[in-house]
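What follows is a set of notes on a single structure, which appears directly below.
Along the sequence shown, residues carry numbers from 1. Small disclaimer: the values here were computed from a predicted structure and weren't measured.
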Amino acid sequence: MSNSLCFDLPDWLDVHAAAYVATADVEARMAFVVDAARRNVAEGTGGPFAAGVFEQVSGRLVALGVNLVTTQGLSMLHAEVVALALAQRRLATYDLGAAGLPPHELVTSTEPCTMCLGAIGWSGVSRVVSGATDADARSVGFDEGPKPPDWAQALAARGISVNEGVGRAAARAVLDQYRAQGGHIYNSREGR
């Protein structure tokens, strides 16, 4: 039995990330993340979700993650978790809010599910920007888990601000595209 955990990122992801130009415009950051979700679907490398960790003020990209659940066979590889893990490794800290670091934000194509909400709370990011809603994800069949309806307030209580609905129409279109082309809706035991 191996004592290490490894997963493979899609070949196209680094090229996509390298094309990003830092911007203070949060809508442009969301458009970049939604485009990564769209590409993840088009390339067949995972589900219809993407997330990026950015320096909040400068807009510099620290890490880009996409959903890898079905292609890597690991239920925890949601886009947010992948992006946070890559950012923490890149910055060599489990706390993205550590002293000496600029404030970081997580930009996610769809608002976080229950698991990702927990990961965000421990990550050290100071802001979350989300696109499509929980209802949008559920409407195409995804089980978002038993998340509190006041999830944004729960993060705010931890000092993490939330900006919801940024680029929602484009993010929702990726979810709809995934379902329309027969993408696998992966829910453990169909959410039971």
Side-chain angles (χ1 to χ4, degrees), residues 7 9-43 45-68 77-113 115-133 151-174:
F7 57 90
L9 298 171
D11 293 337
W12 61 265
L13 193 63
D14 284 338
V15 173
H16 187 83
Y20 172 76
V21 177
T23 177
D25 180 4
V26 72
E27 291 182 6
R29 291 195 293 265
M30 178 60 77
F32 168 76
V33 166
V34 169
D35 192 45
R38 186 178 302 107
R39 182 138 183 213
N40 205 37
V41 171
E43 297 282 346
T45 49
F49 307 99
V53 174
F54 298 85
E55 289 182 0
Q56 190 171 325
V57 176
S58 72
R60 185 180 77 81
L61 176 66
V62 178
L64 178 64
V66 292
N67 181 285
L68 302 170
L77 293 183
H78 288 201
E80 297 94 331
V81 172
V82 172
L84 291 169
L86 292 170
Q88 290 169 343
R89 281 293 166 103
R90 194 156 289 142
L91 297 176
T93 180
Y94 62 86
D95 183 0
L96 298 175
L101 291 178
H104 288 92
E105 71 182 1
L106 179 73
V107 176
T108 179
S109 63
T110 302
E111 74 178 55
C113 70
M115 177 180 68
C116 296
L117 182 63
I120 290 165
W122 293 110
S123 70
V125 297
S126 58
R127 181 167 73 176
V128 173
V129 179
S130 64
T133 66
W151 69 274
Q153 291 174 327
L155 288 179
R158 297 183 69 91
I160 304 168
S161 66
V162 176
N163 187 352
E164 299 175 74
V166 175
R168 180 181 178 192
R172 169 62 198 241
V174 175

message = Using the rule given for side-chain contact (heavy atoms from CB on, under 4.5 Å), can you reason through Phe54 versus Val33, listing the C-alpha separation, both sets of side-chain angles and the distance that settles it, and then say yes or no?
response = CA-CA 11 Å; Phe54 298 85; Val33 166; 4.0 Å; yes
note = For Ala83 and Ala63 the tightest heavy-atom approach is O-CB, 3.6 Å
request  = Might you point out which heavy atoms bring Leu155 and Val128 nearest each other, and give the distance in Å?
outcome  = CD1-CG2, 4.1 Å
query = Between the main-chain N or O of Pro48 and the side-chain N or O of Asn67, is there a donor-acceptor pair closer than 3.5 Å?
reply = no
note = On a heavy-atom basis, the closest approach of Thr93 and Ala98 is OG1-CB, 4.3 Å
Stepwise side-chain contact (heavy atoms from CB on, under 4.5 Å) check, Leu9 with Thr45 = CA-CA 9 Å; Leu9 298 171; Thr45 49; over 6 Å; no
query = Between Ser109 (side chain) and Ala50 (backbone), is there a donor-acceptor pair under 3.5 Å?
reply = yes
Residues in side chain to side chain contact (heavy atoms under 4.5 Å, CB included) contact with Ala132, at least two apart in sequence or another chain = Thr110, Asp136, Ala171, Leu175
key: side chain to side chain donor-acceptor pair (under 3.5 Å) contacts in which one or both residues fall within residues 15-38, not counting sequence neighbours   = Arg29-Glu105, Asp35-Arg38
task = Just grab all the ring pair (Phe, Tyr, Trp, His ring centres under 6.0 Å) pairs involving residues 80-101, residues at least two apart or on different chains.
result = none
query = Residues two or more places apart in sequence or in another chain: which of them pass side chain to side chain contact (heavy atoms under 4.5 Å, CB included) with Ala85?
reply = none
key: Taking every non-hydrogen atom, the tightest pair across Asn40 and Gly47   = ND2-O, 2.9 Å
request  = Taking the side chain as every heavy atom from C-beta outward, state whether Cys113 and Phe49 have any atom pair closer than 4.5 Å.
outcome  = no
request  = Please tell me if the side chains of Pro10 and Glu43 come closer than 4.5 Å, counting only heavy atoms from C-beta onward.
outcome  = no
query = Which of these, Thr108, Val166, Asn163, sits in a side chain to side chain contact (heavy atoms under 4.5 Å, CB included) with Met30?
reply = Val166
inquiry  = Any heavy-atom pair between the side chains of Leu64 and Phe32 that's under 4.5 Å?
reply    = yes
request  = Give the minimum heavy-atom separation between Ser58 and Ala22, together with the two atoms involved.
outcome  = O-CB, 4.0 Å
inquiry  = List the residues meeting side chain to side chain contact (heavy atoms under 4.5 Å, CB included) with Asp14, not counting sequence neighbours, and say none if there are none.
reply    = none
key: Min side-chain heavy-atom separation His104-Gln56 under 4.5 Å   = no
ask   = Residues in side chain to side chain contact (heavy atoms under 4.5 Å, CB included) with Ala152, at least two apart?
value = Val162, Glu164
Point-to-point distance, once rounded to the nearest 0.5 Å, from CZ of Arg172 to OG1 of Thr133 = 7.5 Å
ask   = Looking at CD1 of Ile160 and CG of Leu106, how far apart are the two atoms once the value is rounded to the nearest 0.5 Å?
value = 9.5 Å
request  = Could you walk me through whether Val26 and Arg127 pass side-chain contact (heavy atoms from CB on, under 4.5 Å), step by step?
outcome  = CA-CA 11 Å; Val26 72; Arg127 181 167 73 176; 4.2 Å; yes
For Ala36 against Val66, the heavy-atom pair lying closest together = O-CG1, 4.1 Å
key: Side-chain (Arg90) to main-chain (Val62) donor-acceptor, under 3.5 angstrom   = yes
task = Test Val53 against Leu86 for side-chain contact (heavy atoms from CB on, under 4.5 Å), laying out the working first.
result = CA-CA 9 Å; Val53 174; Leu86 292 170; over 6 Å; no
